[in-house]
Amino acid sequence: MITTNTLIKKKLVIAVTGLNAIDSPGPGVAVIRAIRESPEFDLRIIGLNYESLEPGIYLHDLIDKTYQIPYPSAGTESLLHRMKYIHQIENIDLVIPNFDAELFSFIKLREELEKMGIRSYLPEMEQFEARHKTVLYKFGKKHQLMVPEDRLINQPSELMKAAEELEYPLVIKGKYYDATIANTLEEAQKAFFQLQAKWGLPIIAQKFIKGTEINIAALGDGKGNTISVIPMRKLYITDKGKAWAGITIEDPSLIELAHKFIKATRWRGGCELEIMQSATGIPYIMEVNPRFPAWIYLTAAAGQNQPATLVRMALGETVEPFRSYEVGKMFVRYAWELITDVGEFQKISGTGEL
Amino acid sequence: MKFKKNIATSDTGYIFNPGSGDSFSSNQIGTDLLSFFKEDKSRGEIIRLICAKYEVEKIQFEKDLDDFITQLRDHNLLEN
């Protein structure tokens, strides 16, 4: 049967960041893959990259054209300038940023981009800041969500006191990324210096919770309603703590936790809750990532295509919350050598476009 | 002895717990036991059937059966 859905497709130009696909992959490629699977859109996908070796740039069956954008450290003005240039050529309908570090700029520029005709579907600055690692414990206390106790560390001498209060092992975390488990003061100090050099201060010393690592991908409508929740148990974890294989699971307590988080924050857009479920079944929120995770394609495979749903919501459609998903749907990530030509590399490196 | 409602077992002896994502595989005797549990066979009947099929002393198998049930319980697969 031919339906109107197949006859009339929405023409859309969507710009997506996070095209790196290394051992700690960005979500961009998975976001694009999920959106492309939705039959209702006639898509032109614009990749936004930072470095010339982000694999997504060369995936021409997924990405129609890529433009280099300035690093977040260059400031929002610089990003706005570049977005204006790209928009003149591509007439972008929607931008989906996928890196924590760039979200501040995109949230700040939201109104200005919208005036130009570029929509986005992002949390408010207040929501974005409230779930930041450095204030997550306070956030959990406020909303009765279980978050392991932590201390903010600005100098190594503070580590000893933190260890006395929280006890070893401690999880030593960088402000934006990376975490390491320290069993002694020496290990904690080493981690402090490494993370300080990479991400600056403060460093977070968090109480260690032993348990099962679970991630939850969720989508909120900005009014407190949860549109989609998919919990995933990590089956294979890399040395960077990333899930290299995972499986969707059915646990009402995890679904309820995601609903509670989204209701409390009135979260708009995609997010990932990183959970450590203790042996007694208590789900502790270890981190909240303010964007889709790299494994987001699993939500599409399990029957709740979160990226495609976000697109519909960003376009102003009213979307009914999903009610079910396939339990036991697995992903196994793999590495694959993409072959390209030096000419392509030269083009993106030299002109910032491919 | 009953599995929790959501636990999936297959004819090949594979057990999947959708609540935790844990999965297990059992050997041939374990596979037979899973099908007997599904059919609600009594302990006595299970012991009789297994001892008839395999070369095993009744006293030894009773220990193995208890051990198997303990493992299922430890992995949170059985109703309390």
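Numbers restart at 1 for each chain; the letters A, B, ... are given by sequence-line order, proteins then strands. Keep in mind that the numbers below use all heavy atoms, side chains included, and drop hydrogens, waters and symmetry copies.
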message: For a quick test of reading the model, state the closest non-hydrogen atom pair linking A/F128 to A/D100 and the distance between them.
response: CZ-O, 4.0 Å
message: Would you call the rings of A/F331 and A/W295 parallel, tilted or perpendicular, taking 30° and 60° as the class edges?
response: parallel
- request: Side chain from CB out, backbone as N, CA, C, O: work out which of these in A/L235 comes under 4.5 Å of a heavy atom of chain B, or both, or neither.
  value: side chain
message: With side chain to side chain donor-acceptor pair (under 3.5 Å) as the criterion, how do A/S228 and A/Q304 come out once you've worked through the C-alpha distance, each side chain's angles and the decisive distance to 0.1 Å?
response: CA-CA 7 Å; A/S228 168; A/Q304 296 190 6; 2.5 Å; yes
- prompt: Where on B/S23 is there a heavy atom nearer than 4.5 Å to chain A: the side chain, the backbone, both, or neither?
  reply: neither
- prompt: Checking heavy atoms, do the side chain of B/N6, its backbone, both or neither come under 4.5 Å from chain A?
  reply: side chain
query: Does a side chain donor of either B/N76 or B/K4 reach within less than 3.5 Å of an acceptor in the other side chain?
result: yes
task: For each of A/D251, A/I247, A/L254, A/I214, tally heavy-atom pairs with chain B at distances under 4.5 Å, and name the one with the top tally.
output: A/I247
